[in-house]
Amino acid sequence: MADPFYLTTAIHYPNGRPHLGHAYETVAADVLARFQRARGREVRFQTGTDEHGLKMAQKARELGLEPRALADEMSSHFRDLFDALGISYDRFFRTSEDAHHRASQALWQAMEAKGDLYLDRYEGWYSVRDEAYYDEAELTVGEGGEKLSPQGTPVEWTAEESWFFRLSRYQEPLLALFRDNPDWVQPDRSRNEVVRFLEGGLNDLSVSRTSFDWGVKVPGADDHVMYVWVDALTNYLTGIGYPDDTEMFEKFWPADLHLIGKDIVRFHAVYWPAFLLSAGLPLPKAVFAHGFLLNRGQKESKSLGNVTDPTALADRFGVDVLRYFLLREFSFGQDGTWSPEAIVSRANSELANSFGNLAQRVLSFIAKNCEGIVTASGEPSDADQALLAKVRNACQVELPGAFERLAFAAGLEAWMQAVFACNAYVDEQAPWALRKTDPARMQAVLHVLCDCIRQLAVAVAPVIPTASAKLLDAMTIPADQRDYNSLAAEAPETFRIDKPVPVFPRLDLEA
RNA sequence: GGGCCUGUAGCUCAGCGGUUAGAGCUGGCCGCUCAUAACGGCUAGGUCGCGGGUUCGAAUCCUGCCAGGCCUACCA
């Protein structure tokens, strides 16, 4: 039975259209999902949209829509984007689904049974216009002597009932978690942030609202809806059948990895484990917080007018190119800077000129000069062995090892070095010269190269699935011999090449 | 205001106490012609943000400052 691997992205908040950051996180997760499948794991990969909460309700009101109508529309943009990017999710999750409401209520009841939920009053200066509470010290005094919020809106002293979660109980258990398992949250930056927060002491958390109704109803208190993060985090459970489908749930929970952005570490590394401890459920095995992408060094924002539509980038440069760029250009976990020029440069130099052209120069040579068939011939030379060793090490050791640690750029760097070595080998061996002087040796050289290209295409397939598949199709590699296990096996004795065509066109910036 | 992180060649990054600081891209020179005017070889290019300090020795450790990011905060 395959080893289960449960992977999630954060579910995305659809109060606007998806931006490049959403694509980045989800592509990275997809690469990991494809990678683990190719390693033989039974993968469950979930992404989706987090649709409740005040901001969605406000946005819908602005647009004159019902929240559900807004959620339906916006969620579909996310789903369309992910489909366009070839995201191989097993489950596209929406928190507005009925099953999710039931699951969130079940989790709530588990926390309640533990004695961790209690009703209290939340009071303070409240601005109806902002729908937010402010501290006394934040307020200013208006011309007529009335109190105003920092936004200059009127405030009034308001007391509201709210359910509270006894977060304060979990300070020690959570600190113990980080002591015993320091890699539970990666990278270090994020763990530091969480530990500092925990050391500062925890207040109980307000986990229900009565000022709007777009959310999951609190069981037994219909005028309350759950704080949006309570139900959002629950998606990781609902999506694998909690609380009803115990078979799937027991297979995949606890999750192997929650992939998130660095801005929401606290919700995943403090609130979420506290909820789970309260409900008596096992904690996920790891949380990884990736960095942000900067557009020419600047944050993208509506006010700067530099928000990028990821679909447009994929249309302009190609899905595989965009996927490759996102994982190759940045150190996962750290922030990175991108630009259209950088995409074109990376795509042309590495995918078109180095890898794509390597495949094309070898495969088309075989198609033209060997009737498409290459067979192993003679004893491998030192150069043959050196090249094969390098390529195998990159494809079977370095890239997989790096991907396991989510060091995608490092893995692709090792892979690229192997591509360079192949191109150097082609030049040194010069099969076009051997064709006249030593056809048997030419066969041997081409066979070595085919084996290398096969290895390279399989290894990188999680990143550029479409191009890899085209290449492996042209090499008539059977579909069941395209995983990492098949790389460890002996190379095929004979390669048959069928109509090779370039898989990565060179890009123009103006295109 | 605090906490954490980042700042290394024109660009994107690696190195994180120890030989002359590395890679790729870009630029220059040479070679090749199988290939997507692609490939290979050679080469140019750096006050390692700035100032102190610790050390036989620091890009690497400590400290102050500057710039950017994330989190956070009852500074009119």
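Keep in mind that the numbers below use all heavy atoms, side chains included, and drop hydrogens, waters and symmetry copies. A quick note: this is a predicted structure, and the numbers were derived from the prediction, not measured. Order of the sequence lines fixes the chain letters, A, B, ..., with proteins taken first and strands second; residue numbering starts at 1 for each chain.
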For this session: Rounded to the nearest angstrom, tell me the gap between atom CZ in A/R189 and atom P in B/U72.
Result: 14 Å

Exercise. Looking only at heavy atoms, what is the nearest atom pair of A/V445 and A/L434, with distance?
Worked result: CG2-CD1, 3.9 Å

For this session: From the options B/U12, B/A23, B/C4, select the nucleotide whose nearest atom is closest to the side chain of A/E329.
Result: B/U12

Exercise. Base, sugar-phosphate, or nothing for A/E413, non-hydrogen atoms under 4.0 angstrom?
Worked result: sugar-phosphate

Seminar exercise, completed: note: A/L412, atom CG; B/G24, atom P; distance rounded to Å ~ 16 Å

Seminar exercise, completed: Checking N1-N3 plus N6-O4 or O6-N4 for Watson-Crick, or N1-O2 and O6-N3 for wobble, each under 3.5 Å, the partner of B/C65 is B/G49

For this session: Would you confirm whether A/W184, through its side chain, and A/R179, through its main-chain N or O, come within 3.5 Å as a donor-acceptor pair?
Result: no

Problem set entry | Near-ring test A/F288/A/F332, centroid separation under 6.0 angstrom | yes

Exercise. Which value, in whole Å, describes the distance between the P atoms of nucleotides B/G10 and B/U20?
Worked result: 22 Å

Exercise. From the list B/G24, B/G3, B/G41, which nucleotide is the closest neighbour of the side chain of A/Q417?
Worked result: B/G24

For this session: Check whether the ring centres of A/F408 and A/H290 lie less than 6.0 Å apart, and answer yes or no.
Result: no

Problem set entry | Gap in Å between the two C1' atoms, one belonging to B/A44 and one to B/C29, rounded | 10 Å

Problem set entry | A/S331 side-chain N/O to B/A14 phosphate OP1/OP2 under 4.0 Å | yes

For this session: Report the distance from atom NZ of A/K262 to atom P of B/U6, rounded to the nearest whole Å.
Result: 11 Å

For this session: Considering only atom P, compute the distance from B/U19 to B/G28 and round it to an integer number of Å.
Result: 34 Å

For this session: Nearest-nucleotide wise, let me know which of A/E350 and A/D188 is further upstream toward the 5' end of RNA chain B.
Result: A/D188

Exercise. Looking at A/F197, does the NZ or CZ of A/R266 lie under 6.0 angstrom from its six-membered ring centre and within 45 degrees of the ring axis?
Worked result: yes

Problem set entry | Distance between C1' atoms of B/C25 and B/C62 (Å, rounded) | 37 Å

Exercise. Nearest 0.5 Å, what's the CZ-CZ distance between A/F164 and A/R121?
Worked result: 11.0 Å

Exercise. Quantified in whole Å, what is the C1' atom distance between nucleotide B/A67 and nucleotide B/G27?
Worked result: 29 Å

For this session: Before accepting this row, confirm whether a basic side-chain N of the pair A/K55/A/D50 lies closer than 4.0 Å to the acidic partner's carboxylate O.
Result: no

Problem set entry | B/G51 to B/C66 separation - C1' atoms, rounded to the nearest Å | 11 Å

Exercise. What's the spacing between A/R209 CZ and A/L54 CG if we round to 0.5 Å?
Worked result: 9.0 Å

For this session: Treat primed atoms plus P, OP1 and OP2 as sugar-phosphate and everything else as base, then score nucleotides 28-38 of chain B 5' to 3': B for base contact with protein heavy atoms under 4.0 Å, S for sugar-phosphate contact only, - for none.
Result: ---BSSBBB-S

Problem set entry | A/R496 atom CZ, over 12 foreign heavy atoms within 6.0 Å | no

Exercise. Can you list, by residue number, the residues of residues 169-183 of chain A that have a non-hydrogen atom closer than 4.0 angstrom to RNA chain B?
Worked result: none

Exercise. Which residue lies toward the 5' end of RNA chain B, A/R328 or A/F267, if each is placed at its nearest nucleotide?
Worked result: A/R328

Problem set entry | Separation of B/U12 P from A/L293 CG (nearest whole Å) | 14 Å

Exercise. What is the distance, rounded to the nearest whole Å, between atom CG of A/N348 and atom C1' of B/U26?
Worked result: 13 Å

Exercise. Closest to the A/F330 side chain: B/C71, B/C13, B/A14?
Worked result: B/C13

Exercise. Should we say atom CD of A/E371 is surrounded by more than 12 heavy atoms from elsewhere, each under 6.0 Å from it?
Worked result: no

Exercise. If you measure from the C1' atom in B/U12 to the same atom in B/G7, how many Å do you get, rounded?
Worked result: 14 Å

Exercise. Distance between the C1' atoms of B/U26 and B/G68, in whole angstroms?
Worked result: 26 Å

Exercise. When you measure from the side chain of A/D335, which nucleotide among B/G69, B/C25, B/C71 comes out closest?
Worked result: B/G69

